[in-house]
Amino acid sequence: MKIECLGILTSGGDSPGMNAAVRAVTRTAIYNGMAVKGIMRGYKGLVTGEVEPLHTQNVSNIIQQGGTILKTARCQEFMTAEGRATAYETMRREKIDALVVIGGDGSLTGARIFAQEFDIPIVGIPGTIDNDLFGTDTTIGYDTALNTIMEAVDKIRDTASSHERLFFVEVMGRSAGFLALNGALAVGAEAAIIPEIATEVDQLEELIDNGFRKSKNSSIVLVAESELTGGAMGLAARVKEEYPEYDVRVTILGHIQRGGSPSASDRILASRMGEAAVNALLEGQRNVMVGIQNGELDYVPFAKAIRNIKPIESELLNTVKILSI
Ligand code: F6P
């Protein structure tokens with residue numbers, strides 16, 4: 001089937017570099033003779049019919065901008081069969097033959113169901129700061145978020161060491177500890193508390209038992225925001241109760257991690273993945289996510305990217321521990 005018109009949307013939590021990906025998809029598609037339409041607010045725009053033509057100049061000067069010019073949303077309606085049927089009507093009315101979806105786990109799950117129900121060619125691009133998609137070493141936005149964490153925690157370290165305090169710094173990653181673990185390495189934190197091993201050990205107890213802070217004038221622990229870890233607030237409350245000798249403070253970095261101009265790595269990744277997504281469709285690929293493994297781009301079936309849990313290198317927790325003695 002010849003693709004005359006390509007639709008593109010960004011969905012779920014935004015991530016720095018999404019705009020660079022929108023630019024790359026738009027320009028590669030136009031270069032290959034397709035018309036391009038931008039769907040506003042993720043799947044919501046497909047349901048409500050908010051679709052705008054994208055020309056090459058519409059994506060000028062966005063490679064350096066955080067956020068997404070297409071806006072994004074987490075759309076409840078698209079989770080229902082009626083919502084998806086309405087979305088399909090929009091596709092037919094707008095004569096959109098194929099879709100590129102930029103987003104995380106939830107967005108690609110929606111893409112997979114939609115593609116199966118209506119036999120639409122869809123290619124996904126992993127855009128999430130969480131880096132939690134299987135089949136790709138990294139996702140668009142992860143590197144920028146890590147750098148944001150690094151800059152913020154470097155500042156916290158100054159005050160933590162002046163006051164000789166223990167800081168719990170909460171970072172994003174609802175169900176994945178990549179930001180907490182690699183953030184901890186990048187800032188020389190004393191520990192990272194991550195959801196992946198939360199059910200195996202009591203990480204706080206282990207931390208204190210290992211005698212952290214004995215020879216230190218400050219301690220920083222990065223905590224992934226997750227019910228499984230208890231979050232930074234939960235851990236701080238426990239320390240105050242169980243180990244009152246520590247002077248504890250909490251910083252929750254929050255949505256600052258999702259904003260900002262994308263790093264060079266994220267811009268390059270987004271540009272390469274954007275081009276590859278259009279090439280995938282031209283090659284007749286469908287229901288795949290573009291991934292990168294050992295520097296090589298690859299196509300990963302949606303089913304694999306979504307169903308499998310991306311393994312975290314939990315041995316790096318030991319590296320954090322060794323390097324913080
Ligand atoms: O999935 C991306 C993410 O930033 C998570 O790390 C975080 O837990 C969540 O989104 C926050 O979502 P919201 O912006 O809807 O509060």
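What you see is a predicted model, and the numbers here were worked out from it, not measured in a lab. Atoms within a ligand are numbered from 1 in the order they appear, just like the ligands themselves.
Among pairs with a residue in residues 267-276, those fulfilling side chain to side chain donor-acceptor pair (under 3.5 Å) read Ser261-Arg267, at least two apart in sequence or across chains. Within the structure, side chain to side chain donor-acceptor pair (under 3.5 Å) pairs that include any residue of residues 294-317 comprise Asn131-Lys310 (at least two apart or interchain).
Ordered by chain and residue number, the residues placing a heavy atom less than 4.0 Å from ligand 1 are Arg74, Asp130, Met172, Gly173, Arg174, Glu225, His255, Arg258.
Under the 4.5 angstrom side-chain criterion for Ile, Leu, Val, Met, Phe, Trp and Tyr, the cluster partners of Ile96 are Leu9, Ile39, Tyr43, Leu46, Val47, Val51, Phe78, Tyr88, Met91, Leu99, Val101, Leu108, Phe114, Phe118, Ile120, Ile122, Leu133, Met289, Val300, Phe302, Ile306.
Scanning both residues, Leu228 and Ala198, for their nearest heavy atoms gives O-CB, 3.4 Å.
Contact of the Val221 side chain with the Val169 side chain is not registered, since no non-hydrogen atoms from C-beta on lie closer than 4.5 Å. Looking only at side-chain heavy atoms (C-beta outward), Pro126 and Met273 come within less than 4.5 Å of each other.
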